[in-house]
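Just below is one structure, and these are the notes that go with it.
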Amino acid sequence: MTAQPRAGRTGAHRATVRRLLALPVLAALLTGCGIRATEVPTDFGAAPSRVRCSLAEPDISAQSARAGVPVQVFLLCGSSLVAVDRAVRVPEGAADSQRRALVAQGLLDQLAESPSAAEKEAGYTTDVRGGMTVGGPAAKDPEDALRLSTPPRDLTSYALAQLVCTFSDSAAAEGDGSVILGGPGGEPLRRYECTDEVRSRPGSTEPPSTEVTEGG
């Protein structure tokens, strides 16, 4: 048998090596073109545990602590105002004017409280700070006026929007989507409205308002 020339064997060996070296390059090119030679499951991490601004499950701990008249307050979530359930205590037999002020103070206290753990996880916050009080009308004020211990003009746009939309949608006001607010003493009164724009953009859209004259 005649032995294969050494040069021929070397050439064949080099061709085989070149083919083997080309395989990774080909695989890289295919991957770069969006083509996979084999489909390997990829773990992109766990899915979000809760949809933002959505309380999918009842907050049992918060519900058990509530007792009184069911109400809703507006918290901040995702740069918008979102209504959440609360309750305020109002003594039975209270006169209408007294009841209005008690409901308003209860709503204010609820707004100033830190959201529950479940609400925080879903992205809820509040810009209303504690220590503020609210009372009924002063002399010569309209009977549905509410006076805050802090003038409305000194509140942040977020806090004012929360107060206006919460009060105007409750027994603290006339239920027409507006509320009359003023500061302490002889601070001028203004009627504020809770509009769709205020609810969707409380940080950039202040509640529209008009001046209220004495008794009106």
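- Applying the salt bridge (Lys or Arg N to Asp or Glu O under 4.0 Å) rule to pairs touching residues 99-108 yields R100-E174, sequence neighbours excluded.
- When the side-chain contact (heavy atoms from CB on, under 4.5 Å) test is applied to T126, the partners found at least two apart in sequence or on another chain are L75, P115, V128, Q162.
- Residues forming a side-chain contact (heavy atoms from CB on, under 4.5 Å) with A173 (at least two apart in sequence, or on another chain): V179.
- Atoms OG and OH, from S204 and Y158 in turn, are 7.0 Å apart once rounded to the nearest 0.5 Å.
- T205 meets the side-chain contact (heavy atoms from CB on, under 4.5 Å) test with E197, V198, R201; sequence neighbours excluded.
- Minimum interatomic distance between L81 and A161 (heavy atoms only, all atoms of both residues): CD1-O, 3.7 Å.
- Residue pairs meeting the salt bridge (Lys or Arg N to Asp or Glu O under 4.0 Å) criterion with at least one member in residues 147-171, sequence neighbours excluded, are D141-R147, R153-E187.
- With sequence neighbours excluded, the residues forming a side-chain contact (heavy atoms from CB on, under 4.5 Å) with T133 are Q105, S149, listed by chain and number.
- Contacts classified as disulfide (SG to SG under 2.5 Å) and involving residues 142-203 (residues at least two apart or in different chains) are given here: C165-C194.
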Next item on the list: Quick one: do S114 and K120 satisfy side chain to side chain contact (heavy atoms under 4.5 Å, CB included)? Show the steps, please.
Entry: CA-CA 9 Å; S114 178; K120 286 181 179 178; 2.9 Å; yes

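- Annotation for G136 and A101: closest pair N-CB, 3.9 Å, computed over non-hydrogen atoms.
- Taking both residues in full, the closest heavy atoms of P152 and L160 are given as CB-CD1, 4.1 Å, listed atom of the first, atom of the second, then distance.
- Smallest separation of non-hydrogen atoms from F167 and L181: CD1-CD2, 3.9 Å.
- For V73 against R86, the heavy-atom pair with the smallest separation is CG2-CG, 3.7 Å.
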Check: Does the side chain to side chain contact (heavy atoms under 4.5 Å, CB included) test come out yes or no for L163 and L148, once each step is laid out?
Finding: CA-CA 10 Å; L163 288 174; L148 300 166; 4.1 Å; yes

Note to self: Set out, in order, the CA-CA distance, both residues' side-chain angles and the distance that settles salt bridge (Lys or Arg N to Asp or Glu O under 4.0 Å) for R190 and E206, then state yes or no.
What the structure shows: CA-CA 13 Å; R190 300 190 70 84; E206 290 195 357; over 6 Å; no

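- With sequence neighbours excluded, no residue satisfies salt bridge (charged side-chain N to carboxylate O under 4.0 Å, His left out) with E143.
- A distance of 11.5 Å separates OG in S209 from CZ in R191, rounded to the nearest 0.5 Å.
- By the salt bridge (charged side-chain N to carboxylate O under 4.0 Å, His left out) test, R129 is found to be paired with D127, residues two or more places apart in sequence or in another chain being considered.
- R199 is linked by a salt bridge (charged side-chain N to carboxylate O under 4.0 Å, His left out) to D196, counting only residues two or more places apart in sequence or in another chain.
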Next item on the list: For V84 and E119, run side chain to side chain contact (heavy atoms under 4.5 Å, CB included): C-alpha distance rounded to whole Å, both residues' side-chain angles, the deciding distance at 0.1 Å, then the answer.
Entry: CA-CA 9 Å; V84 297; E119 289 168 344; 4.2 Å; yes

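- Sorted pairs that involve residues 104-153 and meet disulfide (SG to SG under 2.5 Å), not counting sequence neighbours, are lacking altogether.
- S80 is linked by a side chain to side chain donor-acceptor pair (under 3.5 Å) to nothing, counting only residues two or more places apart in sequence or in another chain.
- Across every non-hydrogen atom of T166 and F74, the tightest pair is OG1-N, 3.0 Å.
- No donor-acceptor pair closer than 3.5 Å links the side chain of Y192 to the backbone N or O of P208.
- Separating the CD1 atom in I180 from the CG atom in L146 is a distance of 8.5 Å, to the nearest 0.5 Å.
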